Amino acid sequence: MTETSEHLPPAPRVPAGDSAASTIGASKVYGMGDTEVHALRDVTVQFETGRFSAIMGPSGSGKSTLMHCMAGLDRLTAGEAYIGSQALSALSDKALTMLRREKIGFVFQAYNLIPTLTARENITLPLDLAGSKGDRGWVDEVIETVSLTDRQHHRPSELSGGQQQRVAVARALASRPAIIFADEPTGNLDSRSGAEILEFMRRAVDELAQTIVMVTHDPVSAAYSDRVLFLNDGRIVHEIADPTADSVYDTMRALGD
Amino acid sequence: MFSATLKSIRGHVGRTVATAAAVILGISFLAGTLIFTDSVQRAFDDLFATVFETTDAQVRSAETIDVGFGLEIRSRISQSVVDEVAAVDGVAAVDGFVQGTATVIDADGEPIGNPGQGPPTFGFSWTEDDELSQFTVADGREPSGPGEVVLDETTAETGNLQVGDRVRILTSSGSEEFDLVGVARFGTSGSIGGATTALFELGEAQRVLAAEGQVDAIGVRAESGLTEDEVVARVAEVLADDLEVITGTEATDEAQSAVRDGLSFFTIFLTAFAVIAIFVSAFVIANTFSILIAQRTREFALFRALGAARGQILSSVFVEAIIVGLAGSLLGVGLGIGLSFGLRAMLEGFGLELPSGGLVVLPRTIVVSLVMGTLVTVASALFPAIRAARITPVEALRESSAEAWQRNNVRFFIGIVIVALGAVAILFGLLAPEIGLAGLGAGVMFIGVFVLGPTIARPVARWLGMPIAALRGTTGKLARENSMRNPKRTARTAAALTIGVALVAGVTVLASSLAKSIEDTIGEQFVGDFVVDSGAFGPGGGFSPALTAALSELEVAEVVTGIRVGIGEIEGDGDFFSVLDPQTAFEVFDVGVIEGTAADLTDDAIFLFDDRAEDLGVAVGDSVTVKFPDGRDRSLTVAGLYTEPALAGNQAISQGLYESTGAEQLDLATYLLVADGVVFDEARAAITEVTDQYPNATVQDRDEYIETQSESLDLILNLIYGLLGLAIIIAAFGIANTLRLSTIERTREIGLLRAVGMTRAQVQSTIRWEAVITALFGAILGVILGLFFGYAIIFALRDQGVSSFDVPIAALGLVVVLAAVVGLVASIVPSIRASRLNILEAIATE
Ligand SMILES: Nc1ncnc2c1ncn2[C@@H]1O[C@H](COP(=O)(O)OP(=O)(O)OP(=O)(O)O)[C@@H](O)[C@H]1O
Ligand SMILES: [Mg+2]
């Protein structure tokens, strides 16, 4: 499987209407001269609203970089990233912050929570930072969904790793963002806790029409998604739709050769 | 290990500089004080060396009265001695010199110099012999007869007075206008250390300074070829027993050491503040080292795992402390040079003109600064270093390197015990009185608070943060949680500020209580209606009794009485005497006379404060031996006792008696009781008309007088606030340091907050409010300690007529608010730094 780009849709000139996030010709270069690293090379990709996408690829292939740039945490060297139809390069730090607060949810692999805040306070953090009361009913529902109702007034140090990641997912959902980026959300969890998190994300997409982009190394996790993108050396090299653990595994094997 | 230390210092230049900042500031005050006082001393030494260069001998009375504070009064001698000395073989020239008090009125009709708290206002005779003369004419000519005066250059300039002007001068003999015939310089200086000097021809000086037929001293110039000792020996032969002669060199030494004595009070005063600054620095250094070592736990654990011995860890921390201490102290000396100019400017702002000369940085200054700075830094690093050495290799594997905190009742108990010990030491120290012990007690109390603080910081920070969390939402809440998460750190950071605030609050409480006491005392003991006040507090200021006499003529006044302060020895003890007019004084003052009546205070009688009488072991009817500046022993009968010393002092005598001693007679203030039926405005107008000739006399009604008297402490209070400012600045550096280190520790957290939508402004606000909570914690402890200090001092002074303990709520509230502002300012740099953090790097941090 070395034939790469013909599996991809033709590059759109502007993001399509139902795109939650997209990039056009995204490149990211770290360092200069000898130490130059091309983390992303001319990546054009689109994540449609209401879908659960997974990004896979070997270590150092640029998965995190792609996410960070799409989420407004980092800036591209060339090309453009969009949230909805909003081009990110045009935004100031302040505007990007507002965008992250209102439109984007995050789940990181670890250290997702503020240790001094309770689970509930962590969940409502983006809302609180915006100074909005938020929708209490919705927050309760989210907490209920991730089965944290009886632990919501505990601090992170009093929660298990799985519970902590559930809090992180709940936080990402609480502000009803346009898109959630999850970078190896289950990477630090045992398979049972990991499965729980993935279930929640799946339900968020199915029942709440949430859009989620998740980076993972695990074919079983990837199988929860609607679509898997494969990255290698800063390029999208393959894509499969409606993956199963086996099809993902096979693709990985094939790409690895 | 040593090279690892160096690398560690080099690798963390920022934090090393931050630690050193506390050392630099603390030491700069010490170095600045030493440099400043040495420079002033050197300048005065040089000044007097030139001034007495041509004086070979000085003749004067052997009788002196010493009342302490460097105030020594010498008797005058008869002018006939001048001729006797002149006749001595080998004497080339003599000069009879007269000295007194003279207030010069400037071109705008205002008195020059503040007699209450400024440098002295002198009236001198002009020395005819050019070589003996300490002054040299810079413009015009010397004074040569009645009605003529020469002023020192600085006074002429400040007063906007030119040669040829008419100038009004107030002396004990009255208010007169003179022709300004010349302007003179004192050696190389424009004035005698900022004093105003009016110079008259000798006969005129004797008239205006009430020294008819007398001189204060005689300057002697020997014929060439004769040594000082030889001429002194020859002059000594003709002198009576009550006279003495000293060499010019001795006169120089005396003048120099008089300045040294005067300065030494000042040096001690400034050094006390330097010690406070260094003490505060020590707290900041200790705290910074603690945090650094907590943050480097893994690093140390790794060293231990790689085989480093405890001793090696310990010495590596000490080496770091020594390097920081040495470098910091050296820079502190540099900053001290700048600060010495600041101190000079500040004192000149308070009206003290100092002769200028070169900057004197003695080797002693550098050695003391380096040793102090290094010792303090190493001592402050002691406990943190021991903690570092206790780190086990396993700790390399621990998750969090931050200091863990658990409730610690033992610590609480130990803290309370130390605070109590300090409090006891303060009380004993104040009552003894043993100021050193009291100061030590204060230091111990601060250490106790340092120990105790961590056990109470969490609940207090929670409570303080409540309104902030309520008002500022998430940022406020995060600020509160951050200030609570590491109570040890919060408490130690706040401790430095606690010291500054405690001292400011203590001084504020003390000043307010003293002001209240003054108000109460005058309110109770003064029953008159008006006061004509000179603003002076003691000898060397005031106005001529002629003014009081003129006021007595007024029809609107029923009672008029002037009050003077005299100097004398009672049973060998130098002290101040209240000098009263017995016929009128007791009609406007109620000092609680319990024995004797006004009529009993005759010219050979004395009234005593009853405690003083007890100390002296005398009762009414006994006699005491008193000596005034004329040098004669007098036996006075104790004719009365009184219970209120606040206004009347330890002893009171009649004006008639004091006038008979030949001492300078100046009324500090004159008190009036208005006649029945006279409208106050009318009385004031009549009084003002009389005082017009005396620009140094202000007319005040009773309320105004009480108010100005209670405000008299403001100046010194402001000076103390200014000097304590540095301690507060150091504490601010401490807060900034802690915030910086804490935010570095929380890099990942801040990155996460930024990722989920916290703006830079919100990051800053979070850190800002954390700083405010920390500062408020320190300030509140400080105010509590300050209240105790203030109360303890007032309690110790209760027998000295200080009766009221006043808690100035508004002023203390302001202190707390200002402390919060200090926290805000301290947070500026660390908060901006934290808000600029690169989010990705923060998230990516291992
Ligand atoms: N801040 C940075 N400076 C320099 N190079 C970087 C930086 N961040 C990432 N890189 C490089 O960019 C490339 C892509 O990194 P990225 O973190 O996106 O990989 P990844 O696919 O997320 O890998 P992993 O699966 O290990 O998380 C790598 O070669 C990495 O070394
Ligand atoms: Mg990654």
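Note that this is a predicted model, so its numbers are computed, not measured. Below, chain A is the first sequence line, B the second, and so on; all start at residue 1.
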### Message
Looking only at the side chains, is there a donor atom on one of Arg489(B) and Ser742(B) sitting less than 3.5 Å from an acceptor on the other?
### Response
yes
### Task
Heavy-atom distances under 4.5 Å only: say whether Leu113(A) touches chain B with side chain, backbone, both or neither.
backbone
### Task
For chain B, find which of Leu125(A), Asp93(A), Asp74(A) contributes the most heavy-atom pairs closer than 4.5 angstrom.
Asp93(A)
### Query
Quick one: which residues of residues 468-481 of chain B reach chain A at under 4.5 angstrom, heavy atoms only?
Thr474(B), Lys477(B), Leu478(B), Glu481(B)
### Query
So which part of Leu73(A) gets closer than 4.5 Å to some heavy atom of chain B, the side chain, the backbone, both or neither?
both
### Query
Is there a donor-acceptor contact under 3.5 Å linking the side chains of Gln152(A) and His154(A)?
no
### Message
Quick check for you: among Pro115(A), Ala130(A), Ser175(A), which has the greatest number of heavy-atom pairs under 4.5 Å with chain B?
### Response
Pro115(A)
### Message
Quick one, Ser193(A) with Asp190(A), criterion side chain to side chain donor-acceptor pair (under 3.5 Å). Give me CA distance, side-chain angles, the key distance, then yes/no.
### Response
CA-CA 6 Å; Ser193(A) 312; Asp190(A) 62 69; 3.1 Å; yes
### Message
Shorter than 4.5 Å, heavy atoms on both sides: which option in Lys94(A), Met98(A), Arg171(A) has the most such pairs with chain B?
### Response
Arg171(A)
### Query
Is it the side chain or the backbone of Glu102(A) that comes within 4.5 Å of chain B heavy atoms, both, or neither?
neither
### Task
Using the side chain to side chain donor-acceptor pair (under 3.5 Å) rule, take Asp183(A) and Gln109(A) through it: C-alpha gap first, then chi angles, then the decisive distance, then the call.
CA-CA 6 Å; Asp183(A) 196 346; Gln109(A) 181 175 347; over 6 Å; no
### Task
Report the relative orientation of the aromatic rings in Phe283(B) and Phe450(B); use parallel for angles under 30°, tilted for 30 to 60°, perpendicular for over 60°.
perpendicular
### Task
Go through the steps for Ser89(A) and Glu80(A) under the test side chain to side chain donor-acceptor pair (under 3.5 Å), then give the verdict.
CA-CA 7 Å; Ser89(A) 66; Glu80(A) 185 61 276; 2.4 Å; yes
